[in-house]
Amino acid sequence: MKIIVFTDILTLLLFVSLSPFSPVSMFLNTLTPKFYVALTGTSSLISGLILIFEWWYFRKYGTSFIEQVSVSHLRPLLGGVDNNSSNNSNSSNGDSDSNRQSVSECKVWRNPLNLFRGAEYNRYTWVTGREPLTYYDMNLSAQDHQTFFTCDSDHLRPADAIMQKAWRERNPQARISAAHEALEINEIRSRVEVPLIASSTIWEIKLLPKCATAYILLAEEEATTIAEAEKLFKQALKAGDGCYRRSQQLQHHGSQYEAQHRRDTNVLVYIKRRLAMCARRLGRTREAVKMMRDLMKEFPLLSMFNIHENLLEALLELQAYADVQAVLAKYDDISLPKSATICYTAALLKARAVSDKFSPEAASRRGLSTAEMNAVEAIHRAVEFNPHVPKYLLEMKSLILPPEHILKRGDSEAIAYAFFHLAHWKRVEGALNLLHCTWEGTFRMIPYPLEKGHLFYPYPICTETADRELLPSFHEVSVYPKKELPFFILFTAGLCSFTAMLALLTHQFPELMGVFAKAFLSTLFAPLNFVMEKVESILPSSLWHQLTRI
């Protein structure tokens with residue numbers, strides 16, 4: 001292909017080779033401007049045809065024809081690794097993946113590792129003056145709060161009725177004021193009702209719990225430190241546990257009581273989960289692990305909260321890799337929705353077994369071992385699920401505070417994962433090096449076009465739009481890595497444009513371009529003329545005459 005591309009140069013070399021012993025200057029003087037017009041026009045036409053063919057091949061197969069031929073035929077001759085078998089397997093997998101059902105809906109999930117608004121998000125705003133949360137994200141949180149913390153019978157309890165309105169408030173100060181008002185209602189009721197009833201009932205009313213959801217709101221938004229939030233969540237736990245036990249006894253008495261019990265269960269699980277996260281933030285990781293395990297045993301059916309992802313992160317902090325593997329064996333199942341935490345944690349564990357001794361040079365010479373192959377395949381699996389994570393783990397892109405909601409396989413999920421798990425990858429020696437050497441190979445394995453799947457369903461098209469609504473405006477949203485144009489297409493396009501410009505100039509100014517061409521070729525062949533003169537001066541004339549005749 002390069003011989004065709006450089007037709008003009010080789011044509012001139014051919015003319016010189018046909019008359020090697022005539023002076024080059026004499027040969028150049030015989031060329032007319034028409035020759036240069038024909039030469040540049042022919043070169044432009046040939047390079048344009050090559051460009052059209054390369055573009056068509058890239059659009060159909062997702063790779064450059066010249067690059068593929070070089071890798072398939074020239075690289076093995078130079079001692080490289082032949083990738084034909086992997087390409088064949090990828091093409092067969094692409095045929096099977098084409099039968100999968102495309103999942104186009106982008107479902108937004110609650111971030112299992114979301115931060116505290118008052119103690120973390122607001123502190124970021126105080127320091128930087130930037131809002132880390134978008135209105136769309138906070139509106140989704142308000143909807144979650146109304147779904148999990150309210151029910152139809154809230155109007156029967158004045159404090160819950162106030163909180164039902166508080167979750168819909170947009171102004172943070174109005175929500176906090178409503179929470180304080182809900183807590184004050186119970187105190188007023190106890191002071192008014194105690195003198196009117198018997199002493200045996202006084203003790204029961206004093207034990208009536210306060211509004212648990214009011215404590216939750218204050219812990220999330222008013223507390224300025226994690227320690228303050230933990231104190232408020234402990235008070236919320238006392239109130240929520242009492243409501244849960246009472247509604248548990250009455251849950252079978254009607255649909256209204258079932259709704260109350262469902263709400264009280266959600267409140268209790270949320271409080272315990274946030275208490276575990278407070279303990280994790282405050283450095284009491286073992287205590288946090290125990291609280292999470294107890295919570296998962298007590299409420300095994302509430303998988304929608306994804307508490308196992310909090311547990312995985314805490315276990316990685318303790319470097320309890322055997323326990324991490326046990327959790328993955330339970331939750332990394334094909335029937336469950338995948339997440340970046342599941343896929344990348346599995347890749348980290350497999351990379352940990354080989355990363356400390358991995359060398360790309362040694363691997364290219366001897367090939368990959370079984371353990372290294374498993375680690376590379378796990379990384380490819382993780383990258384295909386969420387291709388945005390490696391740039392954050394490799395610190396090729398700056399991190400921001402994770403949003404309260406994430407889009408699986410999107411940039412928001414990548415930020416949420418890397419924000420907490422980057423330290424765990426850095427702790428494993430060589431893990432980031434192995435990721436750096438192998439993660440880009442995923443995009444060569446996925447069949448083209450990139451919307452097709454290889455190990456998972458096709459990548460959703462709407463992720464970029466949803467991520468732009470979830471992430472703040474000052475963050476540059478990462479878009480699913482598209483295959484860039486190969487070098488040879490760009491090179492051929494540049495060559496075609498250059499030769500076309502030369503052809504046009506030569507056609508318009510033949511005399512002037514002929515002078516430039518002769519000067520250029522004279523300079524180009526000056527070293528050859530010098531060598532030929534030296535050879536003529538050293539060799540006898542008779543021997544030289546015989547060689548020319550041969």
Side-chain angles (χ1 to χ4, degrees), residues 109-115 226 230 268-358 370-372 374-379 381-383 385-386 389 393 402 406 408 413-414 416-432 434-435:
W109 299 73
R110 182 80 177 180
N111 183 9
L113 298 170
N114 66 307
L115 305 179
I226 301 297
E230 186 181 33
L268 184 63
V269 171
Y270 185 90
I271 294 171
K272 290 186 175 182
R273 186 231 188 100
R274 294 303 260 177
L275 279 173
M277 295 176 71
C278 288
R280 170 68 182 91
R281 297 283 206 287
L282 296 173
R284 306 195 307 270
T285 310
R286 295 188 182 279
E287 178 184 346
V289 168
K290 183 180 183 305
M291 295 172 68
M292 293 174 192
R293 289 188 184 277
D294 293 341
L295 185 58
M296 293 169 65
K297 291 179 181 178
E298 187 177 359
F299 303 96
L301 299 179
L302 293 181
S303 58
M304 57 184 174
F305 288 101
N306 293 324
I307 305 173
H308 59 276
E309 296 195 11
N310 300 87
L311 179 60
L312 285 173
E313 195 277 327
L315 291 174
L316 287 173
E317 177 65 22
L318 295 176
Q319 302 185 39
Y321 297 110
D323 294 336
V324 173
Q325 184 61 53
V327 176
L328 286 178
K330 182 178 180 181
Y331 288 95
D332 193 5
D333 185 80
I334 192 171
S335 62
L336 296 175
K338 297 293 186 297
S339 66
T341 302
I342 294 293
C343 295
Y344 278 89
T345 302
L348 176 61
L349 292 187
K350 292 186 178 179
R352 176 177 170 269
V354 298
S355 59
D356 56 339
K357 299 178 181 178
F358 177 78
T370 303
E372 290 174 340
N374 292 335
V376 171
E377 289 178 353
I379 290 176
R381 172 178 180 262
V383 173
F385 181 83
N386 193 317
V389 174
L393 292 181
I406 60 174
K408 289 192 175 182
E413 184 192 33
Y417 171 79
F419 187 85
F420 289 98
H421 288 261
L422 176 59
H424 306 320
W425 279 81
K426 286 184 175 181
R427 189 179 294 117
V428 178
E429 182 181 358
L432 290 176
L434 179 60
L435 177 67

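Quick note: residue numbers are just sequence positions, from 1.
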Heavy-atom closest pair, residues Leu295 and Val269: CD2-O, 3.9 Å
Start with the C-alpha gap between Arg381 and Lys350, add the side-chain angles, then the distance that decides, and say whether side chain to side chain contact (heavy atoms under 4.5 Å, CB included) holds. CA-CA 12 Å; Arg381 172 178 180 262; Lys350 292 186 178 179; over 6 Å; no
Looking at every non-hydrogen atom in both residues, tell me the closest pair between Ala288 and Arg280 and how far apart they are. CB-N, 3.8 Å
Find the distance between CZ (Phe299) and CG (Leu268) and round it off to the nearest 0.5 Å. 4.5 Å
Value for OG1 (Thr341) from NZ (Lys408), rounded to nearest 0.5 Å, stands at 9.0 Å
Is a donor from one side chain sitting under 3.5 angstrom from an acceptor on the other, for Asn114 and Arg274? yes
Gap separating the CD atom of Glu230 from the CZ atom of Arg281, nearest 0.5 angstrom: 12.0 Å
A side-chain contact here means heavy atoms from C-beta on lying under 4.5 Å apart; do Arg427 and Glu317 qualify? yes
NZ of Lys330 to CG of Leu311: how many Å apart, nearest 0.5 Å? 9.5 Å
Does Met296 reach the side chain of Val327, with side-chain heavy atoms less than 4.5 Å apart? no
Pro402 side chain near Leu113 side chain, heavy-atom distance below 4.5 Å: no
Point-to-point distance, once rounded to the nearest 0.5 Å, from CG of Leu434 to CD1 of Ile379: 4.0 Å
Nearest 0.5 Å, please: how far is CD1 in Ile307 from CE in Met291? 11.0 Å
Test log, rule side chain to side chain contact (heavy atoms under 4.5 Å, CB included), inputs Asn306 and Arg110: CA-CA 9 Å; Asn306 293 324; Arg110 182 80 177 180; over 6 Å; no
Between Trp425 and Tyr344, how do the two ring planes meet: parallel, tilted or perpendicular, split at 30° and 60°? perpendicular
Nearest heavy-atom contact between Glu313 and Phe420 is OE2-O, 3.9 Å
Is it true that atom CD of Glu429 has more than 12 heavy atoms of other residues, nucleotides or ligands lying nearer than 6.0 Å? no
Grab the two heavy atoms, one from Pro112 and one from Ile406, that are nearest each other, plus how far apart they are. CD-CD1, 4.2 Å
Run the side chain to side chain contact (heavy atoms under 4.5 Å, CB included) check on Tyr321 and Leu316 step by step: do they pass? CA-CA 7 Å; Tyr321 297 110; Leu316 287 173; 3.9 Å; yes
Under 30°, 30 to 60°, or over 60°: which ring-plane class applies to His424 and His421, parallel, tilted or perpendicular? perpendicular
Nearest heavy-atom neighbours spanning Thr345 and Tyr417: N-OH, 4.0 Å
Could you tell me whether the side chains of Asn310 and Arg273 share a donor-acceptor contact shorter than 3.5 Å? yes
Quick one: closest heavy-atom pair of Ala314 and Thr285, and the distance? O-CG2, 3.5 Å
